[in-house]
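Structure first, commentary second.
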Amino acid sequence: MNRSDSFCTDLHPGSLATFGSPAHPTARLHSAYHFYASCDRDTQGLLRNCTWGFITKSDFLTLLIKCPSTEVYWHILTSLSILADRIAPFSYQARIRIYSPLGQGAPLEIGVEEITAHLGR
């Protein structure tokens, strides 16, 4: 993440953060709450192990997930279709950016439409 990213306002201790500029923080928290509530228990458990939140840039909603370990990173990657299904109602043009543990590679960013197209939905 770059220095302009900021973390604030926990929904679940240690798991939710809002990222980016202070523009529309209420909308991001609202989206985060409903996104999390729409996830199944296993996905909520994965998210609780990460720092995650939403940014909006150029009218695109992006879910950011910072993984604390390689194991959690791989579990998040295998859950991409579930995450895409849950974020799609907010914006079909939404993106998901996943950060591997510190120093272990560049972030992976993929569009929700790319995930659903790949899966034939």
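As a basis for the values below, the full set of heavy atoms in this structure was taken, side chains included, without hydrogen atoms, waters or symmetry mates. When a residue number appears, it is its place in the shown sequence, counting from 1. Please read all numbers here as calculations on a predicted model, not as lab measurements.
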* Contact check, side chains of Ile65 and Leu83, non-hydrogen atoms, under 4.5 Å -> yes
* To do: State, yes or no, whether a side-chain contact exists between Phe54 and Ile87 at a heavy-atom distance under 4.5 Å.
  => yes
* Euclidean distance, Tyr99 OH relative to Leu108 CG, rounded to 0.5 Å -> 11.0 Å
* To do: Return yes when atom CD of Gln93 has more than 12 non-hydrogen atoms of other residues, nucleotides or ligands closer than 6.0 Å, and no otherwise.
  => no
* Structure fact -> Sorted by chain and residue number, the ring-ring contact (aromatic ring centres under 6.0 Å, His included) partners of Phe90 (sequence neighbours excluded) come out as none
* Asked: Looking at CZ of Arg41 and OG1 of Thr43, how far apart are the two atoms once the value is rounded to the nearest 0.5 Å?
  -> 12.0 Å
* Check step by step if side-chain contact (heavy atoms from CB on, under 4.5 Å) holds for Thr56 and Thr62. => CA-CA 6 Å; Thr56 49; Thr62 303; over 6 Å; no
* Shortest non-hydrogen separation from Ile115 to Ser81 and the atoms involved -> CG2-CA, 4.0 Å
* Asked: To the nearest 0.5 Å, how far apart are CG in Leu47 and CZ in Arg86?
  -> 11.5 Å
* Asked: Residues two or more places apart in sequence or in another chain: which of them pass side-chain contact (heavy atoms from CB on, under 4.5 Å) with Pro68?
  -> Cys50, Val72
* Structure fact -> Here the gap from Ser69 atom OG to Gln104 atom CD, rounded to the nearest 0.5 Å, amounts to 8.5 Å
* Report the C-alpha separation of Trp52 and Leu64 in whole Å, then their side-chain angles, then the decisive distance to 0.1 Å, and conclude whether the side-chain contact (heavy atoms from CB on, under 4.5 Å) test is met. => CA-CA 5 Å; Trp52 64 277; Leu64 305 179; over 6 Å; no
* Partner residues of Glu109 under the salt bridge (charged side-chain N to carboxylate O under 4.0 Å, His left out) criterion, sequence neighbours left out -> Arg95, Arg97
* To do: Locate the shortest heavy-atom distance separating Val112 from Ala84; write the atom from each residue and the value.
  => CG1-O, 3.7 Å
* State, to 0.1 Å, how close Tyr73 and Ser100 come at their nearest heavy-atom pair, and which atoms those are. => CD1-CA, 3.6 Å
* Contact summary for Glu113 and Ala94, nearest pair of heavy atoms -> OE1-O, 4.0 Å
* Following the transitive rule for hydrophobic clusters with a side-chain heavy-atom cut-off under 4.5 Å over Ile, Leu, Val, Met, Phe, Trp and Tyr, establish whether Ile98 and Phe60 coincide in one cluster. => no
* Asked: Looking at CG of Leu63 and CD1 of Ile110, how far apart are the two atoms once the value is rounded to the nearest 0.5 Å?
  -> 12.5 Å
* Asked: Rounded to the nearest 0.5 Å, how far does OG1 of Thr70 lie from NE2 of His75?
  -> 11.0 Å
